Structures are given as structure tokens and as C-alpha cells.
Amino acid sequence: MISPFEYVTVLISIILGLGITQILTGVADLIHKSERVTVYWPHLIWILFVLLLHIQEWWLLYELKGYQPWRLPTFLFVIAYPINLFVLARMLFPFAFKGKVIDLKLFYFKNCRKIFLIFTLSAMLSIAYNIFILEFSLMSQVLQILLASTFLLITIKHLGLEWLHKGLAVLVFSIFIISIIIEWDVWLID
């Protein structure tokens with residue numbers, strides 16, 4: 001017989017796996033059709049960032065091994081973030097390549113408001129999850145609150161400044177990598 005934790009994490013793992021599949025398939029499609037793709041490096045950074053968010057979520061899911069009791073509303077709340085990541089993974093890639101050139105810069109700026117809206121929702125879900133499930137304080141969520149606010153501002157104001165998007169992609173990815181390095185011993189399953 002499986003534990004409640006094992007039971008609920010199966011569906012979450014499937015959704016995260018589907019998101020990772022979307023990203024890896026999208027990247028493989030871009031590589032396969034590379035003669036028709038104009039690459040935009042900030043977009044590639046966001047793709048890598050979302051892939052790492054999927055892996056991070058799967059890794060951190062283990063923190064819930066002692067969470068009790070599991071109820072459907074709690075499960076629906078917990079699964080909302082992986083679902084959101086899946087949607088984000090799908091939105092990062094063009095749907096069809098049929099015979100035309102894909103300019104990832106044009107694609108990115110055409111879709112960045114929707115992408116940053118989903119990033120905003122992801123950050124807000126992460127904050128709520130950290131507070132209500134993991135019982136972190138609001139004060140420990142300052143970085144996530146700043147990210148959510150930045151993503152929301154870009155969405156609302158439709159800030160299409162290329163330097164801003166390039167800088168934000170590098171900044172967010174750098175913060176993510178630095179946090180993994182700093183919290184090396186925290187990212188541990190024992």
C-alpha cells in the first residue's frame with residue numbers, strides 16, 4: 001500500500017514531467033529546424049529557467065513527505081503551481097513551424113505579456129505555497145514578492161524595452177543559480 005504522499009505526488013510528477021517534455025520537445029524542434037529559426041538569447045534563458053523551475057519543483061516536492069492530512073482542496077492548491085509551470089512551458093514555444101522562418105525575438109515580444117502574466121501567477125502561487133504549506137514567514141518571501149511585482153509591472157505596462165528584457169532574463173537566472181549555490185546544503189534529500 002502506498003502512502004498518501006506517494007499517492008498525491010504521482011499526478012504532480014506526471015504534470016511536471018509533461019512540462020519538461022514540452023520544453024525538451026520545443027528545444028529539439030528548434031534544433032531540428034535550426035535553418036529556419038532566428039535565435040533570441042533572452043528567450044533561451046527563459047526556456048532554461050522554466051526547465052530548472054520544473055526540476056526544482058519536483059525536487060522540493062519531497063519536502064511534503066511528512067505533510068498530513070491530505071485533503072482535496074490542499075491537493076488542488078499544491079498542484080496549481082505545477083499546472084502553471086506546464087502552461088508556461090507550452091507558451092514559450094511557437095505552435096507550428098510549417099515552412100516559415102521562426103524569429104524567436106518577434107515571437108518573444110509578441111507573447112511576452114502573456115508569458116509574464118503566467119510568471120506573475122507562478123511567483124504568487126509560490127509565495128502562497130511557501131506561507132500556507134511550508135509555513136515560511138512573509139518576510140522571507142521578499143525576493144519572490146519583488147519578482148512577482150516586476151513581472152506584473154512588465155505585464156501591465158507592456159514594457160517592450162529590449163534592454164529591460166535582456167537585463168531581467170540575466171538577473172533572474174543569475175539569482176536562481178546563486179540561490180542554488182548559497183543554499184547548497186538546503187537542497188538535500190536525506
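Bear in mind the structure is a predicted one, so any value in this text is a computation, not a measurement.
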Next item on the list: Would you give the length of the straight line joining atom OG of S149 to atom CD of Q144, rounded to the nearest 0.5 angstrom?
Entry: 11.5 Å
Next item on the list: Evaluate the criterion side-chain contact (heavy atoms from CB on, under 4.5 Å) for residue pair D103 and V37; output intermediate values, then yes/no.
Entry: CA-CA 6 Å; D103 185 334; V37 175; over 6 Å; no
Anything under 3.5 Å between a donor and an acceptor, one on a side chain of residues 81-93, the other on a protein residue two or more places apart or in another chain? List them.
| from | atom 1 | to | atom 2 | distance (Å) |
| --- | --- | --- | --- | --- |
| N84 | ND2 | I118 | O | 3.1 |
| N84 | ND2 | S122 | OG | 2.3 |
| R90 | NE | Q22 | OE1 | 3.4 |

Item checked: Shortest non-hydrogen contact from A148 toward A123 -> CB-CB, 3.6 Å
Checklist line | Intermediate values then yes/no, side-chain contact (heavy atoms from CB on, under 4.5 Å), Y67 and T74 | finding: CA-CA 10 Å; Y67 189 83; T74 305; 3.5 Å; yes
Margin query: Measuring only between side-chain heavy atoms, which start at C-beta, is Y40 closer than 4.5 Å to F107?
Written below: no
Note to self: Strictly distance-based, threshold 3.5 Å: is any side-chain N or O of R113 a donor or acceptor partner for the main-chain N or O of T155?
What the structure shows: yes
Margin query: Closer than 3.5 angstrom, by distance alone: can the side chain of T120 be matched with the main-chain N or O of L152 as a donor-acceptor pair?
Written below: yes
Next item on the list: State plainly whether one hydrophobic cluster holds both F77 and L121, where clusters connect Ile, Leu, Val, Met, Phe, Trp and Tyr through side-chain heavy atoms under 4.5 angstrom apart.
Entry: yes
Margin query: Assess the residue pair I47 and L51 against the criterion (side-chain contact (heavy atoms from CB on, under 4.5 Å)); give the C-alpha distance rounded to whole Å, side-chain angles, the decisive distance to 0.1 Å, and a yes or no.
Written below: CA-CA 6 Å; I47 291 169; L51 174 63; 5.7 Å; no
Item checked: Taking every non-hydrogen atom, the tightest pair across V8 and F75 -> O-CE1, 3.4 Å
Checklist line | I156 reachable from L153 in the ILVMFWY side-chain graph, under 4.5 Å edges | finding: no
Checklist line | Student check: side-chain heavy atoms of F5 and Q68 closer than 4.5 Å | finding: no
Margin query: Are W70 and Y7 packed together at the side-chain level, in the sense that at least one heavy-atom pair is separated by less than 4.5 angstrom?
Written below: no
Next item on the list: Enumerate the residue pairs fulfilling ring-ring contact (aromatic ring centres under 6.0 Å, His included) with a member in residues 166-186, sequence neighbours excluded, ordered by first and then second residue.
Entry: F49-F176
Check: Is the side chain of E6 donor-acceptor paired with the backbone N or O of S3 at a distance under 3.5 Å, no angle test?
Finding: yes
Check: What residues form a salt bridge (Lys or Arg N to Asp or Glu O under 4.0 Å) with K166, not counting sequence neighbours?
Finding: E162
Notebook entry, point to check: Do the side chains of L72 and L76 get nearer than 4.5 Å, heavy atoms only?
Noted result: yes
Check: Taking it one step at a time, do I145 and L138 satisfy side-chain contact (heavy atoms from CB on, under 4.5 Å)?
Finding: CA-CA 9 Å; I145 292 168; L138 182 61; 3.7 Å; yes
Check: Which pair of non-hydrogen atoms, one from N130 and one from Q141, has the smallest distance, and what is that distance?
Finding: ND2-OE1, 2.9 Å
Margin query: Checking side chain to side chain contact (heavy atoms under 4.5 Å, CB included) between T38 and each of L106, L104, I102, V101, which is the one that passes?
Written below: V101
Notebook entry, point to check: Is I15 close to I12 at the side-chain level, that is, under 4.5 Å between some pair of heavy atoms?
Noted result: no
Check: Can you tell me if S13 uses its side chain to pair, donor with acceptor, with the backbone of T9 under 3.5 Å?
Finding: yes
Margin query: If I take atom CZ from residue F136 and atom OG from residue S126, how far apart are they, to the nearest 0.5 angstrom?
Written below: 9.5 Å
Notebook entry, point to check: Centres of the W46 and F116 rings: under 6.0 Å?
Noted result: yes
Margin query: Could you check whether any side-chain heavy atom of E63 comes within less than 4.5 Å of a side-chain heavy atom of L134, counting everything from C-beta outward?
Written below: yes
Check: How close do I20 and H54 get, heavy atom to heavy atom, and via which atoms?
Finding: CG1-CB, 3.6 Å
Checklist line | Heavy-atom side-chain proximity of R71 to P69 below 4.5 angstrom | finding: yes
Item checked: Approximate separation, where rounding is to 0.5 Å, of I133 CD1 and I131 CD1 -> 11.5 Å
Margin query: Membership question, hydrophobic clusters at under 4.5 Å side-chain separation (ILVMFWY): are L64 and F132 in the same one?
Written below: no
Note to self: Distance check, rounded to the nearest 0.5 Å: L53 atom CG versus I23 atom CD1?
What the structure shows: 8.5 Å
Next item on the list: Check whether any side-chain heavy atom of V172 lies under 4.5 Å from a side-chain heavy atom of T150, and answer yes or no.
Entry: no
Note to self: Quick check on the hydrophobic clustering: are V170 and I175 connected, directly or via other members, by side-chain heavy-atom contacts under 4.5 Å?
What the structure shows: no
Notebook entry, point to check: Can L117 be reached from Y108 by stepping across I, L, V, M, F, W or Y side chains whose heavy atoms are under 4.5 Å apart?
Noted result: no
Checklist line | Interatomic spacing from CG in L61 to CD1 in I79 - rounded to 0.5 Å | finding: 10.0 Å
Notebook entry, point to check: Counting only N and O atoms by type, is there a donor-acceptor contact under 3.5 Å from the side chain of H165 to the main-chain atoms of L159?
Noted result: yes
